[in-house]
Enquirer: 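Quick one: this structure, given as structure tokens, is what I'll be asking you about.
Below, read A as the first sequence line, B as the second, and so on, with proteins coming before strands; counting in each chain starts at 1.
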Protein chains: 2
Amino acid sequence: MTAKDDRDLVLERVVDVPPELLFMAWTTPQHLMPWFCPKPYRTVECEIDLKPGGRFFAQMVDPGGNKLPAEAGCYLEIVPNRRLVWTSALGPGYRPRDPQSAPWFFTAVLTFEPEGDGGCRYTATAIHATREHADAHDRMGFSQGWAMVLNQLVEYVRTTPMT
Amino acid sequence: MTAKDDRDLVLERVVDVPPELLFMAWTTPQHLMPWFCPKPYRTVECEIDLKPGGRFFAQMVDPGGNKLPAEAGCYLEIVPNRRLVWTSALGPGYRPRDPQSAPWFFTAVLTFEPEGDGGCRYTATAIHATREHADAHDRMGFSQGWAMVLNQLVEYVRTTPMT
């Protein structure tokens with residue numbers, strides 16, 4: 001984990017699957033749900049409207065099947081196979097979230113850079129308003145959680161024929 | 001004023017200046033500052049980085065020269081001469097604003113449609129999280145303020161050689 005700005009959390013890793021498949025797994029509900037949250041939690045519902053202003057929604061459940069709180073986020077930038085940006089500070093159609101609905105928001109910037117022969121330099125950055133919010137997100141499990149789901153993601157991409 | 005969603009405030013008007021000049025006045029600091037806030041308030045500083053994720057900042061002062069509170073917003077969509085979207089819920093680089101820094105945020109969607117011979121159907125929509133936030137924004141002066149500055153904007157475009 002490295003960060004240039006102490007309000008950001010960064011996970012960067014070189015993995016041996018190509019940008020195209022990682023991007024597809026991040027942007028197709030059927031290919032996102034299998035790996036998107038740390039097992040034994042599961043993602044049971046996912047909606048993706050892949051355009052700036054479009055909806056990103058994922059419903060997670062705990063091992064007992066109880067739904068975790070979930071709000072739709074909003075896509076901001078989409079560069080096929082290379083970059084994906086969305087935020088929890090806006091809902092679909094760029095509608096702001098109620099400031100009273102959450103202690104903090106974050107914007108996620110994912111980049112997928114080709115590396116070596118069929119690999120990818122994968123970088124996930126979570127951007128916050130303050131250092132305190134970044135710390136709170138990290139205590140909530142960013143570092144561990146996002147690293148775990150990256151392992152699940154790479155394993156999924158390696159073992160699943162994706163179309 | 002019309003609204004399809006009661007969380008939105010809408011100002012729609014047909015004006016006799018073309019979309020291209022209105023868009024230029026909205027996106028060039030030297031052409032924005034003269035009309036951007038209701039006189040006798042003034043805009044004394046303006047920064048525009050016209051790209052998704054770019055900074056939009058305008059510093060207003062009251063008639064006594066005292067600065068009003070100001071935070072940089074973030075551009076979300078730019079379609080030259082037709083559409084401009086920015087939000088107060090994010091700062092430059094899509095960094096979320098601190099929820100505790102404001103009672104509500106809004107996203108502004110401006111559209112400029114050619115109408116008749118050199119005219120424009122101008123629509124400004126302010127999108128909020130809740131009806132209460134829209135009402136608060138309206139009480140703060142959206143309807144009156146945005147209509148006043150549209151008059152100032154049209155007058156400016158009519159009377160100023162713009163390059």
Enquirer: Please determine whether the number of non-hydrogen atoms from other residues, nucleotides or ligands lying under 6.0 Å from atom CD of B:Glu45 exceeds 12.
Expert: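 Atom CD in B:Glu45 is crowded, with more than 12 foreign heavy atoms closer than 6.0 Å.
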Enquirer: Taking all non-hydrogen atoms of both residues into account, name the closest pair between B:Pro96 and A:Ile127 and its distance.
Expert: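 Heavy-atom minimum between the residues: CD-O, 3.3 Å.
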Enquirer: What distance separates A:Glu132 CD from B:Asp98 CG, expressed to the nearest 0.5 Å?
Expert: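 Between A:Glu132 CD and B:Asp98 CG, I get 9.0 Å after rounding to 0.5 Å.
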Enquirer: Where does A:Val85 contact chain B at under 4.5 Å (heavy atoms): side chain, backbone, both or neither?
Expert: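 Side chain of A:Val85 only, per the 4.5 Å heavy-atom cut-off to chain B.
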Enquirer: Compare every heavy atom of B:Leu90 with every heavy atom of A:Ala89, then report the nearest pair and how far apart it is.
Expert: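 Minimum heavy-atom contact is CB-CD2, 3.7 Å.
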Enquirer: Can you name the nearest heavy-atom pair linking B:Pro103 to A:Pro99, along with the distance?
Expert: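 Nearest pair, atom of B:Pro103 first, then A:Pro99: O-CG, 3.5 Å.
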Enquirer: Under 4.5 Å from any heavy atom of chain B, what part of A:His133 do you find: side chain, backbone, both or neither?
Expert: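 Side chain only.
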Enquirer: Is B:Leu110 reachable from B:Val79 through a run of I, L, V, M, F, W or Y residues, each pair having side-chain heavy atoms under 4.5 Å apart?
Expert: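 B:Val79 and B:Leu110: separate clusters.
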Enquirer: Going hydrophobic residue to hydrophobic residue with side-chain gaps under 4.5 angstrom, can you get from A:Leu150 over to A:Leu84?
Expert: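 Yes; A:Leu84 is reachable from A:Leu150 via cluster members.
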Enquirer: So, applying side chain to side chain donor-acceptor pair (under 3.5 Å) with A:Arg95, which one of B:Thr87, B:Thr107, B:Asp5 is it?
Expert: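 One option only clears the test, and that one is B:Asp5.
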Enquirer: I'd like to know if B:Leu76 and B:Trp26 are part of one continuous hydrophobic network [Ile/Leu/Val/Met/Phe/Trp/Tyr, side-chain heavy atoms within less than 4.5 Å].
Expert: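 No, no single cluster joins them.
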Enquirer: Just so I understand: if I count every heavy-atom pair under 4.5 Å between each of B:Phe105, B:Trp104, B:Phe106, B:Tyr94 and chain A, which residue has the most?
Expert: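 Among B:Phe105, B:Trp104, B:Phe106, B:Tyr94, the one with the most close pairs to chain A is B:Tyr94.
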Enquirer: Determine whether more than 12 heavy atoms belonging to other residues, nucleotides or ligands lie under 6.0 Å from atom CD of A:Gln100.
Expert: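 Counting other residues, nucleotides and ligands, CD of A:Gln100 stays at 12 neighbours or fewer.
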Enquirer: Can B:Trp86 be reached from B:Val109 by stepping across I, L, V, M, F, W or Y side chains whose heavy atoms are under 4.5 Å apart?
Expert: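 No, because B:Val109 and B:Trp86 fall into different hydrophobic clusters, even though each may have its own neighbours under 4.5 Å.
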